[in-house]
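To start, the structure itself, in structure tokens.
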Amino acid sequence: MIIEIENNRYNSPTLFGDFCYTITLRFSLHSDTIIYTHCTDYPRVRALHTMAHYDHTSLEKKWQKKWAEEHTYHTSEDLTNPKKAYILDMFPYPSGQGLHVGHPKGYIATDIIARKKIMEGYSVLHPMGWDAFGLPAENYALKTKTHPKKSTDDNVARYKEQLSLIGLSYDWEREINTTDPAYYKWTQWAFLKMFEKGLAYESYEPINWCPSCKTGLANEDLDGTVCERCGSEIEKKPMRQWVIKITDYADRLLAGVDALDWPEQIKESQRNWIGRSEGAVITFRITNQESRITDEYIEVFTTRADTLFGVSYCVIAPEHPLINRLGDAIENISRIKNYVKYSTQKTIIERTSEGRDKTGEKLEGIVAINPINGDEVPIFVADYVLGDYGTGAVMAVPAHDERDFIFTKKYQNTFDLKIKTVIDVGTKIDEIKVAHEKVDGVEISSNSHLFPDWFRYKVSSIDDIFFYTKVGDDICDENEGILVNSGEFTGLSSADAREKIVAALEEKGLGKKSVKYKLRDWVFSRQRYWGEPIPVVHCDACGVVAVPEQELPVTLPDVKQYEPTGTGESPLAGIESWVNTTCPKCGGRAKRETNTMPQWAGSSWYYLRYIDPYNDIALVDKEKEAYWMPVDTYVGGAEHATRHLIYARFWHKFLYDIGAVSGEEPFMRLQHVGLIGGEDGRKMSKRFGNVINPDDIIARFGADTLRVYEMFMGPFDQNIGWSTDNIMGARRFLERVWKLSERIEDEATLSHDTEILLHKTIQKVGDDIDTFAFNTAVSALMILVNALEKEPSIPVTIYRICLSLVAPFAPHMAEELFARHGGEGSIVRAPWPSYDKTKCIASTMTIAVQVNGKMRGTFVAEVGISEEEVTARAHALPEIKKHISDKVVKKTIYIKDKLVNFVVA
RNA sequence: GCCCAGGUGGUGGAGUUGGUAGACACGAGGGACUUAAAAUCCCUUGAUCGCAAGAUCGCGCGGGUUCGAAUCCCGCUCUGGGCACCA
């Protein structure tokens with residue numbers, strides 16, 4: 001019976017180009033909808049109307065409603081189940097743009113894993129929430145002139161709506177939001193604990209300042225020299241700020257990396273970011289002509305104590321306190337102060353973009369004493385030395401450090417700087433195989449015909465070994481070698497010399513081993529409105545006082561003016577009624593801290609809140625935490641490698657130290673999600689007009705098709721461009737699954753080959769889901785369906801197995817077909833199919849036959865056939881005979897069950 | 001500059017404990033069905049030569065190891081990503 005006739009004009013520019021007309025007849029037959037369409041010629045319209053029997057829209061709506069009503073994805077509270085899986089996505093910050101098709105890719109993957117785990121009988125925790133504090137949300141609010149609270153809520157609602165269309169198995173009863181006072185109470189609580197332990201402190205050091213976002217930023221918030229958010233050039237600005245001593249955890253953060261099952265790339269960038277360097281701090285005493293200064297010194301950090309004999313001068317950073325300490329003892333102090341002013345006013349980009357060109361000033365009137373040999377060397381101030389790394393001062397060895405070399409070259413003539421080679425980086429004579437020539441001493445050239453531009457010499461303390469090094473004064477090789485010109489240490493290897501030189505200095509109290517890190521303390525305050533208030537007050541009498549735990553949360557007050565002030569104060573400073581308070585300690589007048597926390601605060605522990613989302617008396621219940629943690633599978637973008645993933649690991653280790661959690665590492669296994677680019681090959685962005693909205697795709701092809709396609713596109717962690725043409729492949733695949741149901745027969749049996757294929761497919765799909773090889777899992781399912789299509793009829797039990805395999809990928813369709821074909825209950829809780837290993841082995845196999853390594857033929861053999869028989873049958877093949885003909889078979893290579901290779905003369 | 005990842009048909013990509021390269025899918029070409037489209041189904045589809053059987057060449061480039069190399073080794077090149085004066 002005809003239930004509906006439509007006459008439509010389609011003119012959606014994204015998918016259909018121009019427009020066309022269609023006439024659609026909808027028939028209702030039993031519970032199916034059959035749609036016939038007549039349309040004016042426009043090929044892409046077919047995408048809409050190939051859905052004979054399979055009306056994705058109504059079907060997906062139906063099941064999403066049902067799952068919600070029946071709380072299908074409610075997390076099991078059974079903490080006795082030994083099998084648990086915590087499957088987590090990096091939660092999004094809801095921007096005003098909404099989702100494009102790239103965003104759900106990771107969510108689909110975790111959803112597939114979570115669904116399979118449920119089917120395998122695991123207790124599964126698979127939640128979702130919102131990282132809604134922070135600059136992006138606030139900048140968006142400012143742009144649209146709406147209150148951040150309002151715009152954030154709107155964006156969350158929009159995101160949730162978009163996500164819900166995809167059919168994800170989140171337990172929404174555990175939804176969290178970092179801007180919820182009940183949530184950030186515990187962000188503040190953790191801060192107080194850090195404050196208590198001395199890990200959170202106030203600092204007045206110059207920090208990164210974004211002039212556009214009008215706030216201080218952590219090193220991690222920079223993209224090179226610009227603000228990671230808005231792209232503005234960063235300035236250095238001295239101001240009061242809260243800092244967290246993440247550097248106390250540098251060694252543990254580094255040591256923990258090795259054991260993690262994370263992509264090597266992320267592990268490597270964390271190692272680089274932490275940047276551990278083993279070296280030594282060496283003390284250079286300072287003196288002047290009259291030896292009046294006796295108690296001043298410079299401590300330098302070096303990883304190359306073995307080059308100490310090659311020191312030409314010392315360099316201190318412009319920020320180094322020595323300059324103020326010595327004051328007029330420096331003869332040209334005003335010139336030096338000018339230089340300090342000049343270089344500290346430079347932006348980071350100016351200071352680094354000068355690249356190789358280096359500037360500096362010599363401190364006149366004083367010299368540093370090399371502790372190893374008493375040499376007096378000049379002291380410079382130069383901004384190629386960083387004030388906040390190591391000791392802020394270095395010893396310069398131009399012969400073995402490129403930067404020192406460049407600086408020396410520039411000022412060599414002005415200040416008479418020496419370049420002294422103290423490490424022989426040459427090659428041992430026996431390695432380059434040049435005839436012996438006994439030459440004593442150093443720097444005696446030789447005209448080796450092999451290496452004419454090298455000169456050779458013998459180091460007197462080492463018998464019978466000659467060294468080579470390159471001629472010329474442009475030696476600036478950092479490599480290690482053998483010490484020369486180094487007094488009693490001459491002849492030692494670099495590694496050996498470092499130990500011995502530092503040991504010798506240590507005896508004199510002028511040096512000791514030291515480890516330094518590139519990681520800097522975490523600048524934790526933001527001069528912005530939209531963040532967690534830092535829960536401390538400033539009391540005239542007591543100084544900085546923590547807000548008592550029982551008064552948490554310190555709620556963010558509602559405010560009319562939330563634009564950043566740019567003065568170094570947050571907009572909160574303007575709300576007198578909120579700022580003025582009493583001191584919890586003495587009861588006197590006090591002012592609240594008006595800086596807020598960075599965006600990364602709330603996301604540093606959110607995975608714990610999902611476990612126990614309504615807890616008001618503890619951050620997380622210990623028993624529940626011990627059960628669910630650590631996160632078993634964590635999926636998100638690679639851009640968080642040195643931000644969120646460092647902060648969260650730090651936060652977790654801290655919580656471990658105070659006994660709040662049971663393990664040291666939060667995320668056991670991490671997977672990258674690759675980006676989905678636009679169809680034009682560029683990044684998907686509003687700017688390029690190439691954004692594909694998942695809502696549109698779902699409306700036209702269905703959520704199941706979107707899910708299958710995104711998993712089938714290619715390797716999960718790879719960046720791949722979207723293709724609306726290719727999505728048809730996924731759609732057709734699902735239609736085939738649908739149509740298979742027409743050929744179900746209770747009494748049917750499968751052909752032997754198809755049965756083997758079925759078992760192999762069960763194995764492969766399971767393994768592939770576990771290893772994030774979703775593309776080949778989908779491919780295996782397609783191969784199975786192609787084979788089932790060729791079967792005259794399909795047993796219903798087999799069909800249901802097939803549906804179970806499809807269910808994690810296309811849950812709506814699988815659920816519908818499962819219900820229609822005798823499945824009991826929801827397929828969500830149906831058992832994951834098991835396979836029979838013995839049935840994965842075929843009874844016959846194809847043996848490849850090669851002659852001299854070239855494929856010349858194949859034949860089919862039974863499993864278990866003997867080597868002799870394989871060889872004989874291979875030899876008997878006509879195409880093989882032809883290639884061997886009268887030649888002699890010198891050798892036969894036999895690989896069991898795979899191939900035979902005849903080697904002929 | 002340093003570190004990491006990668007380079008396979010017209011396209012997305014399979015295949016890496018060395019053993020039948022191009023699975024699966026898209027696109028394209030041909031055919032069936034149709035008044036005609038669309039959808040669906042069947043066939044072909046790495047390149048070159050050939051009527052054909054078949055042959056040769058092919059996984060960024062150049063070498064090497066091996067009976068046999070996309071896979072291992074050496075050198076180079078290009079692309080993407082990260083770090084970047086960290087002493």
Side-chain angles (χ1 to χ4, degrees), chain A residues 20 22 35-52 224-225 263-269 271-273 275-277 279 300-304 307 315 351-352 354-356 358 382-386 388-391 393-397 400-404 406-407 478 516-520 638-639 641-642 709 712-715 717-723 725-730 732-733 735 739 773 775-776 778-783 786 789 846-858 879 882 890-893 895 898-904:
Chain A
C20 61
T22 64
I35 301 169
Y36 289 104
T37 301
H38 180 104
C39 76
T40 56
D41 185 17
Y42 203 87
R44 278 194 171 170
V45 174
R46 74 189 184 214
L48 245 185
H49 296 281
T50 59
M51 56 184 72
T225 60
E264 200 47 50
Q265 218 175 326
I266 291 204
K267 288 165 74 165
E268 199 54 34
S269 40
R271 290 189 193 106
N272 285 339
W273 191 262
R276 179 188 160 94
S277 289
V300 302
F301 175 70
T302 181
T303 56
R304 295 299 305 274
T307 63
V315 193
R351 198 161 153 176
T352 54
E354 286 163 354
R356 303 252 111 70
K358 306 200 184 316
D383 62 10
Y384 80 89
V385 172
L386 304 176
D388 58 352
Y389 178 75
T391 57
V394 301
M395 60 185 216
V397 186
H400 302 293
D401 182 277
E402 198 184 348
R403 296 152 303 192
D404 299 340
I406 291 162
F407 187 83
E478 290 181 83
K516 300 288 179 195
Y517 297 92
K518 283 205 262 185
L519 185 73
R520 305 295 147 87
E639 69 274 16
T642 54
Y709 171 60
F712 183 61
M713 287 177 89
D717 59 358
Q718 195 167 304
N719 299 344
I720 302 175
W722 176 267
S723 162
D725 277 338
N726 285 352
I727 199 172
M728 278 311 297
R732 287 190 195 121
F733 162 67
E735 283 171 12
K739 276 204 211 151
N775 56 331
T776 49
V778 173
S779 155
L781 288 170
M782 287 171 167
I783 292 168
N786 289 348
E789 270 182 339
T846 309
I847 306 280
V849 187
Q850 303 182 330
V851 177
N852 283 346
K854 281 204 163 131
M855 255 292 296
R856 296 299 180 185
T858 60
E879 59 265 37
K882 193 176 76 186
K890 290 204 313 197
K891 199 171 166 188
T892 303
I893 283 115
I895 308 292
K898 279 210 169 128
L899 65 65
V900 182
N901 183 13
F902 296 112
V903 184
V904 300

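Everything numeric in this text was worked out from a predicted model, so none of it was measured. Chain naming here is simple, since letters A, B, ... match the order of the sequence lines and numbering starts at 1 in each.
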[X] [atom1] to [N] [atom2], straight-line distance once rounded to whole Å:
{"X": "Arg304(A)", "N": "rA87(B)", "atom1": "CZ", "atom2": "C1'", "value": "10 Å"}
{"X": "Leu519(A)", "N": "rC83(B)", "atom1": "CG", "atom2": "C1'", "value": "14 Å"}
{"X": "Met728(A)", "N": "rG27(B)", "atom1": "CE", "atom2": "P", "value": "8 Å"}
{"X": "Lys267(A)", "N": "rA5(B)", "atom1": "NZ", "atom2": "C1'", "value": "16 Å"}
{"X": "Asp388(A)", "N": "rA84(B)", "atom1": "CG", "atom2": "P", "value": "12 Å"}
{"X": "Asn726(A)", "N": "rA28(B)", "atom1": "CG", "atom2": "P", "value": "11 Å"}
{"X": "Glu879(A)", "N": "rA55(B)", "atom1": "CD", "atom2": "P", "value": "9 Å"}

Span that lies between the [atom1] atom of [M] and that of [N], in whole angstrom:
{"N": "rU71(B)", "M": "rG58(B)", "atom1": "P", "result": "13 Å"}
{"N": "rG6(B)", "M": "rG60(B)", "atom1": "C1'", "result": "11 Å"}
{"N": "rA28(B)", "M": "rG12(B)", "atom1": "C1'", "result": "16 Å"}
{"N": "rC51(B)", "M": "rA14(B)", "atom1": "P", "result": "39 Å"}
{"N": "rG9(B)", "M": "rG1(B)", "atom1": "P", "result": "29 Å"}
{"N": "rA84(B)", "M": "rC73(B)", "atom1": "P", "result": "30 Å"}
{"N": "rG81(B)", "M": "rC49(B)", "atom1": "P", "result": "40 Å"}
{"N": "rC78(B)", "M": "rA23(B)", "atom1": "P", "result": "32 Å"}

For this session: Starting from the 5' end of RNA chain B, give me the residue, Ile895(A) or Gly853(A), whose nearest nucleotide shows up first.
Result: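 By nearest-heavy-atom nucleotide position, the 5'-most residue is Ile895(A).
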For this session: Would you mind telling me which residue lines up with the more 5' stretch of RNA chain B, Ile727(A) or Ser269(A), judged by nearest nucleotide?
Result: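 On the 5' side of the pair lies Ile727(A).
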[options]: which one has an atom nearest the side-chain heavy atoms of [X]?
{"X": "Asn786(A)", "options": "rG19(B), rC24(B), rA87(B)", "value": "rC24(B)"}
{"X": "Glu789(A)", "options": "rC41(B), rA23(B), rG19(B)", "value": "rC41(B)"}
{"X": "Ala848(A)", "options": "rU20(B), rC67(B), rG13(B)", "value": "rU20(B)"}
{"X": "Phe712(A)", "options": "rC26(B), rA25(B), rU20(B)", "value": "rA25(B)"}
{"X": "Gln850(A)", "options": "rA87(B), rA84(B), rU20(B)", "value": "rU20(B)"}
{"X": "Ile720(A)", "options": "rA14(B), rC85(B), rG12(B)", "value": "rG12(B)"}
{"X": "Lys891(A)", "options": "rC24(B), rG13(B), rC67(B)", "value": "rC67(B)"}
{"X": "Asp725(A)", "options": "rG27(B), rA84(B), rG15(B)", "value": "rG27(B)"}
{"X": "Arg856(A)", "options": "rU56(B), rU20(B), rC24(B)", "value": "rU56(B)"}

Base, sugar-phosphate, or nothing: which does [X] touch, judged by heavy atoms less than 4.0 Å apart?
{"X": "Val903(A)", "answer": "sugar-phosphate"}
{"X": "Ile893(A)", "answer": "base"}
{"X": "Lys518(A)", "answer": "base"}
{"X": "Ile783(A)", "answer": "sugar-phosphate"}
{"X": "Pro715(A)", "answer": "sugar-phosphate"}
{"X": "Glu264(A)", "answer": "nothing"}
{"X": "Ser723(A)", "answer": "nothing"}
{"X": "Thr892(A)", "answer": "nothing"}

Considering Watson-Crick and G-U wobble pairs with both distances under 3.5 Å, what does [N] pair with?
{"N": "rC61(B)", "result": "rG75(B)"}
{"N": "rC26(B)", "result": "rG10(B)"}
{"N": "rG19(B)", "result": "rC67(B)"}
{"N": "rG80(B)", "result": "rC4(B)"}
{"N": "rC41(B)", "result": "rG31(B)"}
{"N": "rG54(B)", "result": "rC49(B)"}

[X] to [Y] - nearest heavy-atom pair and separation:
{"X": "Ile847(A)", "Y": "Leu899(A)", "result": "CG2-CA, 3.9 Å"}
{"X": "Glu264(A)", "Y": "Arg271(A)", "result": "OE2-NH1, 3.2 Å"}
{"X": "Ala382(A)", "Y": "Phe407(A)", "result": "CB-CE1, 4.0 Å"}
{"X": "Thr307(A)", "Y": "Val397(A)", "result": "OG1-CG2, 3.4 Å"}
{"X": "Thr892(A)", "Y": "Val900(A)", "result": "CG2-CG1, 3.8 Å"}
{"X": "Tyr709(A)", "Y": "Gly721(A)", "result": "OH-O, 4.3 Å"}

Any donor-acceptor N/O pair under 3.5 Å between [N] base and [X] side chain:
{"X": "Lys890(A)", "N": "rC67(B)", "answer": "no"}
{"X": "Asn272(A)", "N": "rC83(B)", "answer": "no"}
{"X": "Glu268(A)", "N": "rG82(B)", "answer": "no"}

If only side-chain N and O atoms of [X] are considered, is one of them under 4.0 Å from the OP1 or OP2 phosphate oxygen of [N]?
{"X": "Lys854(A)", "N": "rG58(B)", "result": "no"}
{"X": "Ser277(A)", "N": "rA87(B)", "result": "yes"}
{"X": "Tyr384(A)", "N": "rA87(B)", "result": "no"}
{"X": "Arg732(A)", "N": "rG27(B)", "result": "yes"}
{"X": "Gln718(A)", "N": "rG13(B)", "result": "yes"}
{"X": "Asn775(A)", "N": "rA14(B)", "result": "yes"}

Problem set entry | Ionic contact status for Glu735(A) with Arg732(A), cut-off 4.0 Å |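 So Arg732(A) does not pair with Glu735(A) through a salt bridge.
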Exercise. Can you find a heavy atom in the side chain of Val904(A) that is under 4.5 Å from one in the side chain of Val851(A)?
Worked result: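 A side-chain contact exists here, since the closest heavy-atom pair is under 4.5 Å.
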For this session: May I ask you to establish whether Lys358(A) and Tyr384(A) are in a cation-pi arrangement, using a distance under 6.0 Å from NZ or CZ to the six-membered ring centre and at most 45° from the ring axis?
Result: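 That pair qualifies as a cation-pi contact.
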Problem set entry | For rG9(B), glycosidic torsion class - syn if within 90° of 0, otherwise anti |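 rG9(B): syn glycosidic orientation.
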Problem set entry | Inter-residue atom distance Trp273(A).CH2 - Leu519(A).CG, 0.5 Å rounding |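 Nearest 0.5 Å value for the CH2-CG distance: 8.5 Å.
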